[in-house]
Trainee: 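The structure's right below; bear with me while I get my questions together.
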Amino acid sequence: MGRKMLQGLVATALAAFPLVNGQQPGSLTPEAHPHLATWKCTTSGGCVQQDTSVVLDWNYRWFHNADGSTSCTTSSGVDPTLCPDEATCSKNCFVEGVNYTSSGVATSGSALTLKQYVKGSDGKTNSVSPRAYLLGPDGNYVMLKLLGQELSFDVDLSTLPCGENAALYLSEMDATGGRNEYNKGGANYGSGYCDAQCPVQNWNNGTLNTARRGSCCNEMDILEANAKANAFTPHPCIGDNCDKGGCGFNPYALGYKNYYGPGFTLDTSKPFTMITRFVTNDGTTTGSLNEIRRFYVQNGKTIASAAPGGDTIKASACSSAASYGGLAGMGAALGRGMVLTFSIWNDNSGFMNWLDSGSNGPCSDTEGNPANILANHPDTHVVLSNIRWGDIGSTVNISGGGPNPSASTTSAATVPTSTTTAPAHAQTHWGQCGGNGWSGMTACASPYTCTVLNPYFSQCL
Ligand SMILES: *[C@@H]1O[C@H](CO)[C@@H](O)[C@H](O)[C@H]1NC(C)=O
Ligand SMILES: *[C@@H]1O[C@H](CO)[C@@H](O)[C@H](O)[C@H]1NC(C)=O
Ligand SMILES: *[C@@H]1O[C@H](CO)[C@@H](O)[C@H](O)[C@H]1NC(C)=O
């Protein structure tokens, strides 16, 4: 909308609503959260529909001064005059609601669709790359407590090409989004984001981040995928020390190259159900997280795992994460409760090679260039639906009940996931075993594990 019209609207809005102090929600665009049906399930009581909606992240919003003429955020941070400190900023600045349609977010019943690109009113295609959270009826995030529990959902990744990443994951954000006297919107306006990559944001846990501190917290990646590659990865943290690489499971990287993809065992040209179980040592919801176990259902059938011992991450495979709390630390966060996060994104610098190229997937190292995606796949989008969580075995009806989690705990110990298909030649301790552009050895000599330190360098540790 034009500035003139905007100012007219602002004047109307100011006349209609007396100014309140604080970095208050503005009144130009109402914040109307799209409803999304989800279910919480128990073995004894079945599944109960939850009163949930989605809220777009705070960083995607317009922060402006009282007359709407000046933005409070700049390309490098916040306007130093309007926002020298939290109290002044909260008096001067307003955070707006968003138009979810033009932000690439739509819901219908239990289905959430996220689009990478949206055509603006000027006819131009914008990369909107939304990130959104599951919100409860009280205006706080829904805290999913998944230790000793499972999470399942349906996903359609058929339109996501190489380089695109549809993500569903959990971050240990504050339930209120860090709502405080200066930030009354809080989770209602999507504030408080954090993850294990410790992003530096203008606000940290809802408070103006004048110290430019990273927002670090435990992160559990359930889905990071396109039609050609996928991975699930725990990223535990101790304080601001996070396992940025994580001890993930990517079937292609482990040697199962014809398992996941269009027309493969798990056929990504069609929707499927993804079930993730967080199995504890004692089977309770308070034990120590021992194993993260994944399986899939497609066309009513359980899809056999890629790996012989099951698609699983065991505590022992996460020894590199020990200094960040390991799988047990991840489990403790899952027990306290984490926020369900949805996003779709691509990557201008690394082209998502860490997910789908080189030893990680079948894509070339340049086809994930966002310019290529925009030119050839402007309609790329993900549909996530039927989100359910609760007791293990309660969120999906499968004949036979699906893989038995307790059986796998004992039998799969004999299947070392990272060395099952190791070629005869393996990299030695400290040697490089992967990374963007790496075409050398990808297997590590026993007992070392190829560990991603960053998208450009993996090392046998
Ligand atoms: C949101 O934006 C879309 C265009 O993307 C427009 O058609 C719609 O009217 C807008 N909704 C509201 C409530 O302004
Ligand atoms: C985030 O903010 C909330 C609300 O002010 C506070 O209770 C919580 O302790 C904060 N969390 C962290 C990690 O600072
Ligand atoms: C499984 O089937 C039972 C009986 O038909 C039904 O009550 C229950 O809601 C179903 N659970 C799920 C997760 O679909």
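Just so you know, these numbers use all the heavy atoms, side chains as well, and skip hydrogens, waters and symmetry mates. Ligands are counted one by one from 1 in listed order, and the atoms in each one are counted from 1 as well. Computed from a predicted model, the values in this text were never measured in an experiment.
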Trainee: Looking at Arg131 and Asp57, does any basic side-chain N land under 4.0 Å from a carboxylate oxygen?
Mentor: yes

Trainee: Which N or O atoms of ligand 2 sit under 3.5 Å from a protein N or O, and how far apart is each pair?
Mentor:
unit_1: ligand 2; atom_1: 2 (O); unit_2: Asn205; atom_2: OD1; d: 3.4
unit_1: ligand 2; atom_1: 2 (O); unit_2: Asn205; atom_2: ND2; d: 2.4
unit_1: ligand 2; atom_1: 11 (N); unit_2: Asn205; atom_2: ND2; d: 2.8
unit_1: ligand 2; atom_1: 14 (O); unit_2: Asn205; atom_2: ND2; d: 3.3

Trainee: Scan residues 372-386 for pairs that pass salt bridge (charged side-chain N to carboxylate O under 4.0 Å, His left out), counting only residues two or more places apart or in two chains.
Mentor: none

Trainee: Using 0.5 Å steps for rounding, measure from the CG atom of Leu36 to the CG atom of Asp51.
Mentor: 11.0 Å

Trainee: So, Thr70 and Asp79: side-chain donor and acceptor under 3.5 Å apart, yes or no?
Mentor: no

Trainee: Any N/O of Thr101 closer than 3.5 Å to an N/O of ligand 1?
Mentor: no

Trainee: Heavy-atom contacts with Ser102 under 4.0 Å: which atoms of ligand 1 show up? List them by number with element.
Mentor: 2 (O), 5 (O)

Trainee: Can you name the side chain to side chain contact (heavy atoms under 4.5 Å, CB included) partners of Pro161, sequence neighbours left out?
Mentor: Glu164, Ile373, His377, Thr380

Trainee: For residues Arg293 and Thr312, is any side-chain donor paired with an opposing acceptor at under 3.5 Å?
Mentor: no

Trainee: With sequence neighbours left out, what residues match Asp240 under salt bridge (Lys or Arg N to Asp or Glu O under 4.0 Å)?
Mentor: Arg213

